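Before anything else, here's the structure in question.
These numbers come from the heavy atoms of this one structure, side chains and all, not from hydrogens, waters or symmetry mates. Just so it is clear, the structure is predicted and the values come from calculations on it, not from any experiment. Just so it is clear: chains get the letters A, B, ... in the order the sequence lines come, proteins before strands, and each one is counted from 1.
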Amino acid sequence: MNKIRKIYNTLLEHYGAQGWWPVTPIGGCSGEKDVIPVYGVTIKNEKQILEIIIGAILTQNTAWKNVEKAIIELNKKNLIDVNKLLIIKQEELAQTIKSSGYFNQKAKKLKNFAVFLKKYSIKKLKNMELNNARKLLLSINGIGPETADSILLYAFNKPIFVVDAYTKRIFSRIGFKEKTYDEFQALFMQNLEHDAKLFNGYHALIVELGKNICQKKPLCDKCAINNLCEKKIN
DNA sequence: CGCCAGGGCCTCA
DNA sequence: TGAGGCCATGGC
């Protein structure tokens with residue numbers, strides 16, 4: 001068994017399946033009480049898909065907890081809606097998503113993406129071939145490789161591996177020599193069968209490990225894969 | 001108080 | 001193509 005697969009198996013055994021991406025269960029509502037995005041929700045409508053896209057943009061270099069608050073506010077105002085995003089003033093949108101940080105940039109990105117979705121609907125994107133959809137997403141200002149791949153994998157269930165800061169940190173420490181986003185992505189995609197469920201679960205496990213164990217200051221004695229790691233401390 | 005989080009764009013060599 | 005500055009809140 002290759003090492004990439006071995007690490008996945010070990011993490012899965014240790015943490016169990018993760019159930020990403022967190023989504024508001026009924027696809028968002030404007031009720032009185034807060035509706036919170038949670039893990040393990042089965043995606044069943046376009047509003048939930050749009051919520052994932054919005055979350056992918058809002059979580060750029062930002063703790064998910066802060067994004068969660070912003071999504072709750074967006075749902076309260078019924079803004080998980082392409083037309084509403086087009087109509088709302090950028091300043092008001094920025095205030096609504098304030099908790100997620102970089103709110104001016106992100107408000108612009110959300111409106112920008114809404115314009116894009118007027119031309120290429122969610123339905124069209126969903127039916128598009130993976131690499132064509134990826135190129136299209138990457139051409140949008142505000143959508144870089146990680147956000148594009150998160151959208152493809154988590155919103156559209158397409159088999160592409162998402163690389164994030166955790167992935168680079170963890171696998172560099174383990175001993176892999178890849179440097180760029182594309183190199184890391186190729187590492188995973190060349191060593192795993194191209195299955196959206198597998199890529200989904202693996203990335204989620206990486207985040208779990210990166211958040212709690214393989215932090216900036218790693219807790220190697222608590223790490224489930226420390227026997228596979230070159231940089232193990234102690 | 002300082003550090004950092006599920007990046008991406010822009011500028012300048 | 002690579003390094004560095006910038007964006008900004010909230011949790012710890």
Side-chain angles (χ1 to χ4, degrees), chain A residues 7-8 11 15 17-24 34 36-41 49 51-74 90-113 115-116 134-156 160-173 177-186 188 196 199-219:
Chain A
I7 291 167
Y8 169 73
L11 289 175
Y15 289 109
Q18 299 298 301
W20 266 36
W21 182 285
V23 178
T24 306
D34 293 352
I36 305 171
V38 293
Y39 295 89
V41 173
I49 291 177
E51 189 181 288
I52 294 172
I53 293 170
I54 290 171
I57 292 171
L58 294 185
T59 199
Q60 289 172 359
N61 200 38
T62 301
W64 177 256
K65 204 71 189 162
N66 292 354
V67 177
E68 191 178 276
K69 293 176 196 294
I71 290 177
I72 290 169
E73 292 308 305
L74 288 170
Q90 191 174 305
E91 294 72 28
E92 188 184 345
L93 181 57
Q95 284 308 304
T96 308
I97 61 169
K98 185 161 168 285
S99 68
S100 70
Y102 308 123
F103 46 80
N104 289 317
Q105 287 193 359
K106 286 174 179 174
K108 193 175 294 181
K109 291 179 183 181
L110 291 183
K111 286 186 74 69
N112 203 15
F113 204 92
V115 171
F116 169 79
R134 188 171 196 268
K135 276 179 200 159
L136 200 52
L137 288 171
L138 287 175
S139 72
I140 305 170
N141 189 285
I143 308 297
E146 186 187 336
T147 308
D149 291 338
S150 292
I151 291 169
L152 291 167
L153 178 63
Y154 290 109
F156 296 122
I160 189 142
F161 200 91
V162 176
V163 175
D164 59 9
Y166 292 140
T167 313
K168 292 177 184 168
R169 183 167 71 211
I170 292 169
F171 286 82
S172 295
R173 282 177 177 162
K177 303 303 180 195
E178 282 72 8
K179 294 236 171 295
T180 68
Y181 186 97
D182 292 344
E183 287 166 1
F184 274 106
Q185 185 171 61
F188 289 91
F199 290 168
N200 178 324
Y202 203 158
H203 178 242
L205 287 165
I206 287 170
V207 174
E208 188 64 23
L209 184 71
K211 258 187 194 170
N212 303 309
I213 306 292
C214 200
Q215 306 163 345
K216 208 118 194 167
K217 268 173 64 81
L219 310 173

Self-check item: Length of the line joining L93(A):CG and dA8(C):C1', which is rounded to integer Å
Solution: 15 Å

Quiz item: Rounded to whole angstroms, how far apart are NZ on K216(A) and C1' on dG2(B)?
Solution: 13 Å

Quiz item: Only one of F184(A), W21(A), W20(A), F188(A) clears ring pair (Phe, Tyr, Trp, His ring centres under 6.0 Å) with H203(A); which?
Solution: W20(A)

Exercise. Assign E146(A) to base, sugar-phosphate, or nothing according to its heavy-atom contacts below 4.0 angstrom with the strands shown.
Key: sugar-phosphate

Quiz prompt | Any strand: nucleotide that pairs with dG11(C) via Watson-Crick or wobble, under 3.5 Å | solution = dC3(B)

Quiz item: Is a donor on one side and an acceptor on the other found under 3.5 Å between the side chain of N212(A) and the backbone of E208(A)?
Solution: yes

Exercise. Between Q105(A) and T180(A), just flag the one whose closest nucleotide in DNA chain C comes earlier from the 5' side.
Key: T180(A)

Quiz item: Which of these passes side-chain contact (heavy atoms from CB on, under 4.5 Å) with V163(A): E146(A), K168(A), E178(A)?
Solution: K168(A)

Self-check item: Selected nucleotide, minimal atom distance to S99(A) side chain, candidates dA8(C), dA5(B), dG10(C)
Solution: dG10(C)

Exercise. Looking only at side-chain atoms of A63(A), point me to the closest of dA5(B), dG7(B), dA8(C).
Key: dA5(B)

Quiz item: Just how far, in rounded Å, is P of dT9(C) from CD1 of I72(A)?
Solution: 19 Å

Practice problem: Give a yes or no answer on whether the side chain of S99(A) reaches the backbone of N66(A) with a donor-acceptor pair at less than 3.5 Å. | Solution: yes

Quiz item: Does N141(A) make a side-chain N or O approach to OP1 or OP2 of dC10(B) shorter than 4.0 Å?
Solution: yes

Quiz prompt | Touch class at under 4.0 angstrom, heavy-atom based, for K211(A) against every strand present | solution = base

Quiz item: Taking the nucleotide of DNA chain B with the closest heavy atom to each, which residue, Y39(A) or I140(A), is nearer the 5' end?
Solution: Y39(A)

Quiz item: What is the distance, rounded to the nearest whole Å, between atom CD1 of I54(A) and atom P of dG7(B)?
Solution: 18 Å

Quiz item: Has T147(A) got a side-chain N or O lying under 4.0 Å from the OP1 or OP2 atom of dG8(B)?
Solution: yes

Self-check item: Integer-rounded Å distance: dA8(C) P and F103(A) CZ
Solution: 6 Å

Practice problem: Ignoring backbone atoms, establish whether K106(A) has a side-chain N or O less than 4.0 Å from OP1 or OP2 of dT9(C). | Solution: no

Quiz item: Between D149(A) and Q185(A), is any side-chain donor less than 3.5 angstrom from a side-chain acceptor?
Solution: yes

Exercise. Specify the separation, in whole Å, of atom CG of L58(A) and atom C1' of dG8(B).
Key: 14 Å

Quiz item: Is any side-chain N or O of N61(A) closer than 4.0 Å to OP1 or OP2 of dC4(B)?
Solution: no

Quiz prompt | Parallel, tilted or perpendicular, as decided by the 30° and 60° cut-offs, for the rings of Y202(A) and Y8(A) | solution = tilted

Quiz item: Given atom NZ of K217(A) and atom C1' of dG2(B), what is their separation to the nearest angstrom?
Solution: 15 Å

Quiz item: Whole-Å distance between dA5(B) P and Q215(A) CD?
Solution: 9 Å

Quiz item: Which nucleotide, dA5(B), dG8(B), dC7(C), lies nearest any side-chain atom of R169(A)?
Solution: dA5(B)

Quiz item: Which part of the nucleic acid, if any, lies within reach of I143(A) when heavy atoms closer than 4.0 Å are counted: base, sugar-phosphate only, or nothing?
Solution: sugar-phosphate

